[in-house]
Amino acid sequence: DAKTTQPNSMESNEEEPVHLPCNHSTISGTDYIHWYRQLPSQGPEYVIHGLTSNVNNRMASLAIAEDRKSSTLILHRATLRDAAVYYCILMGGGTSYGKLTFGQGTILTVHP
Amino acid sequence: DGGITQSPKYLFRKEGQNVTLSCEQNLNHDAMYWYRQDPGQGLRLIYYSQIVNDFQKGDIAEGYSVSREKKESFPLTVTSAQKNPTAFYLCASRSNRAGSYGYTFGSGTRLTVV
């Protein structure tokens, strides 16, 4: 499985933008880039995903490098509820999926 | 509302006992997964099933067993052979349709050996 590399932790102030980086230099052409986040004692929650183009939804934006070897999850205005562990994951394309491999993720701390 | 229900939320097991964790989904998803999470760690895959009556071992299947008799249900049994079962267990599901989104996770079961 292609692996991802994320910083162990990041900090932000409330209402400021946050850019969470992810490196995936061995990504294959059919791998989608997915982001999940996990609050304490809860299951991970889907945030956003993309293939080649930048993506926006109500939660966040995903900026994907032109060579697809890295991506950045952007929270436009961090709130205290955004404090969580953020996972960047590669998921193969097609109609049948196997296992999803989670790394350690990035612990995001948001200061009031 | 559709989702995944895991029960119980907390479970205590005596050493040598088998226990079964429940996972039910009403999302009509084809694939279901069991993950284990230890404190400060990422998720590790135990077992997964892409269709009814079929399942595959994940990275840490030893000491665990599963069944998939119905599309909606994917129970996990933690057997006495699992030497360190205390952990947070997460069930997930996803559709096998092309272009579908990622995983939907349950809220987890915290298992403690006493």
Side-chain angles (χ1 to χ4, degrees), chain A residues 1-9 22 24 30-53 55-60 62 71 73 84-109, chain B residues 2-7 9-10 21 23 25 27 29-51 54-61 66 87-112:
Chain A
D1 294 333
K3 293 189 181 296
T4 62
T5 303
Q6 299 176 252
N8 289 333
S9 62
C22 181
H24 28 79
T30 57
D31 284 340
Y32 285 78
I33 302 159
H34 282 245
W35 283 82
Y36 288 78
R37 71 180 186 182
Q38 186 177 21
L39 299 171
S41 296
Q42 295 188 26
E45 171 190 31
Y46 167 83
V47 177
I48 200 167
H49 79 287
L51 184 62
T52 55
S53 303
V55 184
N56 300 298
N57 65 21
R58 64 176 180 81
M59 292 180 70
L62 177 60
S71 61
L73 178 70
V85 180
Y86 286 79
Y87 296 99
C88 167
I89 301 153
L90 301 181
M91 186 183 297
T95 58
S96 180
Y97 294 78
K99 58 185 180 181
L100 193 63
T101 301
F102 284 76
Q104 301 278 37
T106 296
I107 300 171
L108 175 64
T109 302
Chain B
I4 295 182
T5 301
Q6 289 188 242
S7 62
K9 190 172 179 64
Y10 298 96
L21 282 59
C23 178
Q25 54 101 357
L27 299 163
H29 283 174
D30 304 291
M32 298 186 74
Y33 304 79
W34 274 106
Y35 287 89
R36 168 184 172 138
Q37 187 172 36
D38 293 287
Q41 304 295 314
L43 281 67
R44 292 185 291 168
L45 182 66
I46 304 172
Y47 268 99
Y48 65 102
S49 167
Q50 300 211 47
I51 56 172
D54 185 52
F55 49 84
Q56 286 79 41
K57 292 182 178 180
D59 300 318
I60 55 166
V66 294
F88 188 47
Y89 290 87
L90 287 158
C91 180
S93 72
R94 75 178 311 278
S95 170
N96 283 345
R97 288 185 297 111
S100 61
Y101 289 169
Y103 287 31
T104 300
F105 281 85
S107 56
T109 293
R110 192 167 297 279
L111 173 64
T112 303

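Residue numbers begin at 1 in each chain, while the letters A, B, ... track the order of the sequences.
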Verify the neighbour count for atom CD1 of A/I107: are there more than 12 heavy atoms of other residues, nucleotides or ligands below 6.0 Å?
no
In terms of heavy-atom contacts, B/R94 and A/M91 come closest through NH2-SD, 3.7 Å
For A/E45, is it the side chain, the backbone, both, or neither that has a heavy atom closer than 4.5 Å to a heavy atom of chain B?
neither
Partners passing side chain to side chain donor-acceptor pair (under 3.5 Å) against A/S53 (at least two apart in sequence or in another chain)
none
With chain A as the partner, which of B/Q56, B/Q37, B/R44 has the greatest number of non-hydrogen pairs under 4.5 Å?
B/Q37
Residue pair B/L90 / A/Q42, side-chain heavy-atom distance below 4.5 Å
no
More than 12 heavy atoms of other groups within 6.0 Å of B/D54 CG
yes
Considering all heavy atoms of both residues, which atom of A/S41 and which atom of B/R110 are nearest to each other, and what is their separation?
OG-NH2, 3.4 Å
Can you check whether B/L45 reaches A/F102 side chain to side chain, under 4.5 Å on heavy atoms?
no
Taking the side chain from A/Y36 and the backbone from B/Y103, do they hold a donor-acceptor pair closer than 3.5 Å?
yes
